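Everything below concerns the one structure shown next.
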Protein chains: 2
Amino acid sequence: MKIDDTDRKILISLQRDAAQSLDEIAREVGSSKTPVWNRIRKMREAGIIGAQTVILDAEALGFEATFFVLIRTSEHEADWQQKFLAALRARPEVQEAHRLAGDIDYILKVRVENARAYDVFYQALISEVKVHNVTALLSMEEIKATTALPL
Amino acid sequence: MKIDDTDRKILISLQRDAAQSLDEIAREVGSSKTPVWNRIRKMREAGIIGAQTVILDAEALGFEATFFVLIRTSEHEADWQQKFLAALRARPEVQEAHRLAGDIDYILKVRVENARAYDVFYQALISEVKVHNVTALLSMEEIKATTALPL
DNA sequence: GCTGAAAGCTATTACGC
DNA sequence: GCGTAATAGCTTTCAGC
């Protein structure tokens, strides 16, 4: 599916505020309700527009510690990897997980109540799957956090 | 502000799908429209519930490269830091930025079209502010990505 | 603090250009 | 493919319990 300039404007607007009415979006992109609605529907069907969610205040809800976890492993068999990925997907503390190119094999972003909760998570993970080397980076300050793509 | 069990259920439901109607949420949490609406309003006012957004398919929109950037700096004066933070906040490719404890000073998550676009970003950043050491980790596979807190 | 109903918007569809 | 207009459904407010 190809995206034109109006679609792009709609996406920018939706990323900023998905709670807006169609009229507001239409006014912003210089169109009117029906075409905007049809474009949104098409992009939803094409999977370009995914879930609609709400950003919560992590600190206010007691999640005061964010760790970035760098993982090196000696195991590279398909079997081990399946198990590892399943473990990551099953743990709600893991907000992000990426397989990397190069020296470090995986990076995780883990959101927990405090350092103690991170240790519980860490112990549980390494008892489930064997990893060679783990480095945890503790966030002192969240400078920026957005899900918006630089459209 | 303190959150009770019903509030928590509402937040879980909203994180999963913020486009649901109040009736659906009310049914899910075992309450009805008005009380759910009042709770959501209060949590919005308290800042617990923040922006409502839409998750877009990065690959479909041409953002095919994600980098995690580890930064060490020799500069730790307030002046330098202000300039660095302002630079990060101003760049839309930077989706996340954290100041860290320990050896590595900052971590960024940068979303760009391709490796060439990353280099453009990198050159621009280091020409703006002096950093001592930069390591870029390239994501090969996004295993998991969620903004949901483990409520 | 809940329920139920009224009022005002908004999404969604149908129709004409 | 766009805009206008009608309808159906939703959010938001409010009165009564």
Side-chain angles (χ1 to χ4, degrees), chain A residues 1-63 145-151, chain B residues 1-63 145-151:
Chain A
M1 182 184 172
K2 85 182 218 297
I3 294 298
D4 71 7
D5 198 52
T6 303
D7 291 326
R8 189 175 312 271
K9 282 184 194 159
I10 292 170
L11 293 177
I12 291 169
S13 185
L14 282 176
Q15 282 195 136
R16 190 168 32 73
D17 181 7
Q20 288 170 102
S21 73
L22 277 177
D23 276 323
E24 290 173 292
I25 300 168
R27 191 162 30 78
E28 196 177 335
V29 306
S31 182
S32 80
K33 278 169 84 146
T34 307
V36 170
W37 192 82
N38 280 320
R39 283 160 183 273
I40 290 175
R41 188 174 47 76
K42 268 183 208 154
M43 290 193 283
R44 248 199 272 269
E45 281 165 10
I48 290 170
I49 298 176
Q52 195 163 320
T53 191
V54 105
I55 304 302
L56 303 181
D57 183 334
E59 301 241 328
L61 292 164
F63 294 93
T146 180
T147 55
L149 297 174
L151 295 165
Chain B
M1 181 184 174
K2 87 184 218 298
I3 293 298
D4 72 6
D5 199 52
T6 303
D7 291 326
R8 189 176 312 273
K9 282 183 194 160
I10 292 170
L11 293 178
I12 292 168
S13 185
L14 282 176
Q15 282 195 136
R16 191 168 33 72
D17 180 8
Q20 288 170 104
S21 76
L22 276 178
D23 276 324
E24 289 174 292
I25 299 168
R27 191 164 29 77
E28 195 177 333
V29 306
S31 181
S32 76
K33 279 167 85 148
T34 308
V36 170
W37 191 83
N38 281 320
R39 284 161 182 272
I40 290 175
R41 188 174 48 77
K42 269 182 208 154
M43 291 192 282
R44 247 198 272 266
E45 281 165 10
I48 291 170
I49 297 176
Q52 196 163 318
T53 190
V54 106
I55 305 301
L56 303 182
D57 183 335
E59 302 241 328
L61 292 164
F63 295 93
T146 179
T147 56
L149 297 174
L151 295 166

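Here is the naming used below: chain letters follow the sequence lines, and residue numbers restart at 1 for every chain. Keep in mind that the numbers below use all heavy atoms, side chains included, and drop hydrogens, waters and symmetry copies. Computed from a predicted model, the values in this text were never measured in an experiment.
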Looking at the side chain of [X], which of [options] is the nearest nucleotide?
| X | options | value |
| --- | --- | --- |
| B/Ser32 | C/dG1, C/dA11, C/dT3 | C/dT3 |
| B/Pro35 | D/dC2, C/dT3, D/dT12 | C/dT3 |
| A/Thr34 | C/dA14, D/dC14, C/dT12 | C/dA14 |

Take atom [atom1] of [X] and atom [atom2] of [N], then tell me their distance rounded to the nearest Å.
| X | N | atom1 | atom2 | value |
| --- | --- | --- | --- | --- |
| A/Asp17 | C/dT10 | CG | C1' | 15 Å |
| B/Asp23 | C/dA5 | CG | C1' | 13 Å |
| A/Lys33 | D/dA8 | NZ | C1' | 12 Å |
| A/Asn38 | D/dG1 | CG | C1' | 9 Å |
| B/Gln52 | D/dT11 | CD | P | 11 Å |
| A/Gln20 | C/dC9 | CD | P | 18 Å |
| A/Ile40 | C/dT12 | CD1 | C1' | 12 Å |
| A/Ile25 | C/dT10 | CD1 | C1' | 11 Å |

Side chains of A/Leu22 and A/Ile40: closer than 4.5 Å at any heavy-atom pair? yes
Check: B/Thr53 and A/Asp17 side chains under 4.5 Å, non-hydrogen atoms: no
Which part of the nucleic acid, if any, lies within reach of [X] when heavy atoms closer than 4.0 Å are counted: base, sugar-phosphate only, or nothing?
| X | answer |
| --- | --- |
| A/Arg39 | sugar-phosphate |
| B/Glu24 | nothing |
| A/Ser31 | sugar-phosphate |
| B/Ser21 | sugar-phosphate |

What are the two closest heavy atoms between B/Ser13 and B/Glu28, and how far apart are they? OG-OE1, 3.0 Å
Reckon B/Lys42 has a side-chain N or O less than 4.0 Å from the OP1 or OP2 of C/dG1?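 B/Lys42 to C/dG1 OP1/OP2: side-chain N or O found under 4.0 Å.
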side-chain N/O B/Trp37 vs D/dT12 OP1/OP2, d < 4.0 Å: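 Yes.
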Evaluate the criterion side-chain contact (heavy atoms from CB on, under 4.5 Å) for residue pair B/Asp4 and B/Arg39; output intermediate values, then yes/no. CA-CA 10 Å; B/Asp4 72 6; B/Arg39 284 161 182 272; 2.9 Å; yes
Stepwise side-chain contact (heavy atoms from CB on, under 4.5 Å) check, B/Met43 with B/Met1: CA-CA 8 Å; B/Met43 291 192 282; B/Met1 181 184 174; 3.8 Å; yes
